[in-house]
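Numbers restart at 1 for each chain; the letters A, B, ... are given by sequence-line order, proteins then strands.
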Number of protein chains: 2
Amino acid sequence: MLPRRWKIRVSRLVQASIRNRVLAALPATEFALLAAHLSRVELALGERLHSAGEPISYVYFVERGFISALALLSDGQPLEIGLIGAEGAIGVSVILGAETSYCETMCQRAGSAYRVTTAALKDAIARAPHLRDLLLRYTHAFHIQVAQTAACNAHHELGQRLARWLLAAHDRSRVAELSLTQDMIATMLGVRRSTVSIAAGTLQRAGFIRYQHGHITILDRVGLENAACECYEAVAEEYRALFGVYPKALTPVKNRPDLG
Amino acid sequence: MLPRRWKIRVSRLVQASIRNRVLAALPATEFALLAAHLSRVELALGERLHSAGEPISYVYFVERGFISALALLSDGQPLEIGLIGAEGAIGVSVILGAETSYCETMCQRAGSAYRVTTAALKDAIARAPHLRDLLLRYTHAFHIQVAQTAACNAHHELGQRLARWLLAAHDRSRVAELSLTQDMIATMLGVRRSTVSIAAGTLQRAGFIRYQHGHITILDRVGLENAACECYEAVAEEYRALFGVYPKALTPVKNRPDLG
DNA sequence: ACATCAATGTGCGATACCGTACATAATGGT
DNA sequence: ACCATTATGTACGGTATCGCACATTGATGT
């Protein structure tokens, strides 16, 4: 059975092979403390990991793909407040003492994660100061992302916000091609799909992206960065600082694939 | 000299007399640990307590008045992401490991606070688990406030947002009268002053507020609550849960002064 | 009482986005 | 190859807010 095989695999978990940046940054002894409780899970597109108001059973350290954190307004319309990839984890508010999730978390690009029960994480944190400090600092970086989004939503035009979002999604992917419909993006950004269509058309005509039936290819990262508002760079810088790496820590190796 | 007198006063600091809800909620032993390092400061209108990108020297436990946390966008325009009164503290991100402030904090209503150096707070936290847990939970509540604001900025109309903001400000005051110009409010909400003028006029004609040359009086809280978006209640509820109090914990004793 | 300044009300063309509808194009299944 | 479905482009009146300008009103100091 699959679960059994996963369990075997996890018991052999080698830290160096882990792509989640938080887990990778831990001292070996503290990683070992947590590793016994990690289990690897596949994340399917559209899968919901936490629901607003519901208890947080697991904390997920994302490895591949990315997850949206969505605020749910009373009119039922979700709106993205943050995007999480291999640089982070979701459900970490449990370490602040939260018992329930204040937002929905949903998989926007299929991938995988290592998850741990809330209880096991809290237990590990009590004995692993570096893990605790790193998760707190990550929480702070995520908080900054949300705060920047609050200002961005109020001030920046859709063209800029779309470019910002595509860059953030690209950073959290490993390839230039994203499986995203305009409808999905419109939901994330809280605007009409037709409005996204117009903004995306502009980016496509500029040669920054190529768009075709649920598939977006990033053609020109630099062009997109110029088209995006400052919010992209501000948040990216914060995550770079978090891991103390000089060159763009979040930027995938393979970027700008079709450009010179 | 004033500083000497304050010092004397602080050395006699009685927890029961403190209006800051975080400090008031501490176990006596832990309060004592912190009290020796607290100093009382007056907060003048417009005073800036932290600047974006600058180190956080002091953490402020607000007692009277309220403080805005403002994101600074590159066009120089500030935009409020959170409002803090006696229910909380500012600069608390130092306990997440932040070294600098990611936002501006500015006094919007004159009052007072107890402040402590970052170093002393970190020291106290290491020895006072309840203080640490309470500050972490407060941080989480503030995070929710910011996330709600992100969604609110994208979705809700100015009329609703203005009503929400007035309610939040009223909760953090002790009287119904606020010294606020439309210009200040417009800056907080990130809109034109003339737009605020129209929205405020609507609220005034409805009898919810009275507006006169930099002074707003809340006449009808219930009316305002109906005019506000859900975001007000969602955030207020979170702070009530934080302090575990059943009836509106944040609502000042003296509300709806002119209403039956 | 008067002058001055700050705060507010208002007007108006421009614009971004809404809300909705419909047409077209690409994809996937049979 | 065909069809059903999904994704995208586009149109159009409506609305909230912008960006700017100017008039008016209330507070303040002398």
Let's see if you get this right: which residues in residues 160-168 of chain A place a heavy atom under 4.0 Å from DNA chain D?
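Contacts with DNA chain D under 4.0 Å: none.
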Test side chain to side chain donor-acceptor pair (under 3.5 Å) applied to B:Thr139 - qualifying residues, sequence neighbours left out:
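So B:Thr139 forms no side chain to side chain donor-acceptor pair (under 3.5 Å) with any residue.
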Under the rule for side chain to side chain donor-acceptor pair (under 3.5 Å), what residues qualify as partners of B:Gln77, not counting sequence neighbours?
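B:Gln77 satisfies side chain to side chain donor-acceptor pair (under 3.5 Å) with no residue once adjacent residues are dropped.
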Answer yes or no: is there a donor N or O on one side and an acceptor on the other, between the side chain of A:Ser68 and the main chain of A:Leu70, under 3.5 Å?
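Not at all, since once roles are kept as given, no pair shorter than 3.5 Å links the two residues.
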Residues in salt bridge (Lys or Arg N to Asp or Glu O under 4.0 Å) contact with B:Glu238, at least two apart in sequence or another chain
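Applying salt bridge (Lys or Arg N to Asp or Glu O under 4.0 Å) to B:Glu238 gives none.
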Just jot down the salt bridge (Lys or Arg N to Asp or Glu O under 4.0 Å) partners of A:Glu237, sequence neighbours excluded, or say none.
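Listed in chain order: A:Arg240.
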Among all residues two or more places apart in sequence or in another chain, which pass the ring pair (Phe, Tyr, Trp, His ring centres under 6.0 Å) test with A:Tyr102?
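Partners of A:Tyr102 under the ring pair (Phe, Tyr, Trp, His ring centres under 6.0 Å) test: B:His140, B:His143.
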List in chain and number order the residues that pass ring pair (Phe, Tyr, Trp, His ring centres under 6.0 Å) with A:Tyr60, two or more places apart in sequence or in another chain; answer none if no residue qualifies.
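Per chain and number, A:Tyr60 pairs via ring pair (Phe, Tyr, Trp, His ring centres under 6.0 Å) with A:His50.
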Reading DNA chain D 5' to 3', which nucleotide is the first, and which the last, to come under 4.0 Å of any heavy atom in chain B?
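That gives a stretch of D:dA16 to D:dA27.
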For nucleotides 25-30 of chain C, give me every protein contact, N/O to N/O, under 3.5 Å, one pair per line with atom names.
| from | atom 1 | to | atom 2 | distance (Å) |
| --- | --- | --- | --- | --- |
| C:dA26 | N3 | A:His213 | NE2 | 3.4 |

For the helix from C:dA1-D:dT30 to C:dT30-D:dA1, what angle lies between the axis at the first five pairs and the axis at the last five pairs, to 10 degrees?
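Roughly 40° between the end axes, to the nearest 10°.
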Residues from residues 180-193 of chain B sitting under 4.0 Å of DNA chain C, heavy atoms only?
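The stretch gives B:Thr181, B:Gln182, B:Arg193 as the residues lying under 4.0 Å from the strand, ordered by number.
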Quick check on contacts: within residues 147-159 of chain A, what sits under 4.0 Å from DNA chain C by heavy-atom distance?
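Per residue number, the list reads A:Glu157, A:Leu158.
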